[in-house]
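Contents: one structure, followed by commentary.
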Amino acid sequence: ATSPLFSLNGATVTIDPSITLVAGTTYNLRFDSGAIEDLNGDYWTGFASPDEWSFSPNLPPTDLHLSNASVPENQPVGTLVGEFNASDPDANATHAFAFIGGQGDDHNNLFQLAANGTLTTNAGLDHEANATLSIRVNATDEHSASIEKVFAIQVGDLNEPPVFATTATFATAENNGSASFLVPAT
């Protein structure tokens, strides 16, 4: 049995590769009993009566989300930042997440991204050096459709104790009631 879009040869249904299936459109195939022959030449009896199969072409993910886009500075490598997930119009789609090069990938190297979407730090982050970091992420579904998006990660400022820039020695006269010293600190 054939149609302009599909052909059936034995147990193989072939979609005409020269056509473009329209996203969001459902295509129906109807198989009559005895219509499918197996590789031994026997008719497949899996259809006791006419049966229909419906399918839709795979649609790509439509958006990426990050559960948390901030991390305090000076945390150890491996600190959890957040979890990625993808919106996908295909029910039950699964996604793999990865960094991808391109505009906005400036700080990908400062993070680790597991395929399941877990984002952790790959370096100590310093608010004073860079308060906002940019990463570019890709989500790919099980049929290789994908989406990319750039995310800004905020590095939180912590109240850090001062660090003295130099070593200083102080001296004052004995029985001096008070003394003042100025020491540079960062």
Side-chain angles (χ1 to χ4, degrees), residues 5 13 15 17 19-29 52-168 170 180-186:
L5 303 178
V13 177
I15 300 171
I19 65 162
T20 301
L21 297 178
V22 179
T25 301
T26 299
Y27 296 88
N28 296 304
L29 299 175
E52 292 187 12
W53 295 345
S54 296
F55 69 95
S56 298
N58 181 55
L59 298 172
T62 56
D63 202 3
L64 278 172
H65 310 276
L66 178 57
S67 64
N68 181 51
S70 66
V71 62
E73 68 178 336
N74 303 327
Q75 300 303 301
V77 170
T79 296
L80 177 66
V81 178
E83 300 283 339
F84 281 100
N85 65 60
S87 297
D88 197 313
D90 298 316
N92 302 315
T94 59
H95 302 91
F97 300 88
F99 289 124
I100 191 162
Q103 185 175 2
D105 72 346
D106 305 352
H107 303 106
N108 284 5
N109 63 313
L110 298 179
F111 298 90
Q112 294 177 8
L113 180 56
N116 69 359
T118 300
L119 181 67
T120 58
T121 60
N122 195 36
L125 305 177
D126 181 15
H127 173 85
E128 287 74 22
N130 203 339
T132 303
L133 304 172
S134 178
I135 61 173
R136 185 180 182 97
V137 175
N138 170 277
T140 303
D141 72 14
E142 68 275 22
H143 301 291
S144 300
S146 64
I147 187 171
E148 300 172 8
K149 190 172 179 180
V150 174
F151 291 86
I153 307 297
Q154 302 301 316
V155 179
D157 191 16
L158 297 179
N159 187 9
E160 300 164 289
V163 176
F164 293 102
T166 60
T167 302
F170 303 98
S180 297
F181 300 98
L182 180 61
V183 179
T186 57

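Once rounded to the nearest 0.5 Å, the distance linking CG of Asp126 with CG of Asp157 reads 8.5 Å. To the nearest 0.5 Å, atom CG of residue Asn92 and atom OG1 of residue Thr94 are 9.5 Å apart. Considering CD of Glu83 and CG of Leu113, their distance stands at 9.5 Å, rounded to 0.5 Å. The OG1 atom of Thr132 sits 9.5 Å away from atom CD1 of Ile153, with the distance rounded to the nearest 0.5 Å. Summarising the geometry, atom CD belonging to Glu73 is positioned 13.0 Å from atom OG1 belonging to Thr121; distances are rounded to the nearest 0.5 Å. Taking OG1 of Thr120 as the reference point, atom CD of Gln112 lies at 4.5 Å (rounded to 0.5 Å).
Ile135 has its side chain within reach of Asn108: a pair of non-hydrogen atoms, C-beta onward, lies under 4.5 Å apart. Contact annotation: the side chain of Ser134 never approaches that of Asp105 to less than 4.5 Å [non-hydrogen atoms, C-beta and beyond]. Lys149 is listed as a side-chain neighbour of Asp63, based on a closest heavy-atom distance under 4.5 Å.
In terms of heavy atoms, Leu64 sits closest to Ala139 at CD2-CB, 3.3 Å. Contact between Pro72 and Leu158 at its shortest, heavy atoms only, is CB-CD2, 4.2 Å. The two atoms that bring Pro60 and Ala145 nearest to each other are CA-CB, 3.5 Å, heavy atoms only. Nearest heavy atom pair, residue Ala69 against residue Ala152, reads CB-O, 3.6 Å. Taking all atoms of both residues into account, the shortest heavy-atom contact from Thr140 to Ser146 is OG1-CB, 3.6 Å. Taking all atoms of both residues into account, the shortest heavy-atom contact from Asn130 to His107 is ND2-NE2, 3.2 Å.
Using modelled atom types, no side-chain atom of Asp141 and backbone atom of Ala93 make a donor-acceptor pair closer than 3.5 Å.
Of the charged side-chain nitrogens involved, none lies within less than 4.0 Å of a carboxylate oxygen, so that Arg136 and Asp106 do not count as a salt-bridged pair.
By the neighbour-count criterion of 12 heavy atoms within 6.0 Å, atom CD of Gln103 is sparsely surrounded, having that number or fewer from other residues, nucleotides or ligands.
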Given the rule in the side-chain contact (heavy atoms from CB on, under 4.5 Å) test, do Leu125 and Val155 qualify, once you have shown the distances and angles that lead to the verdict?
-> CA-CA 7 Å; Leu125 305 177; Val155 179; 4.0 Å; yes
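Considering Leu119, Val137, Thr79 as possible partners of Phe111, the one that fulfils the side-chain contact (heavy atoms from CB on, under 4.5 Å) test is Leu119. Under the side-chain contact (heavy atoms from CB on, under 4.5 Å) rule, Pro61 has a single partner from Asn138, Asn85, Asp88, which is Asp88.
Aromatic ring centres of Phe151 and Phe84: separated by under 6.0 Å.
Checking Asn74 against His127 by side-chain atom types alone, no donor-acceptor pair falls below 3.5 Å.
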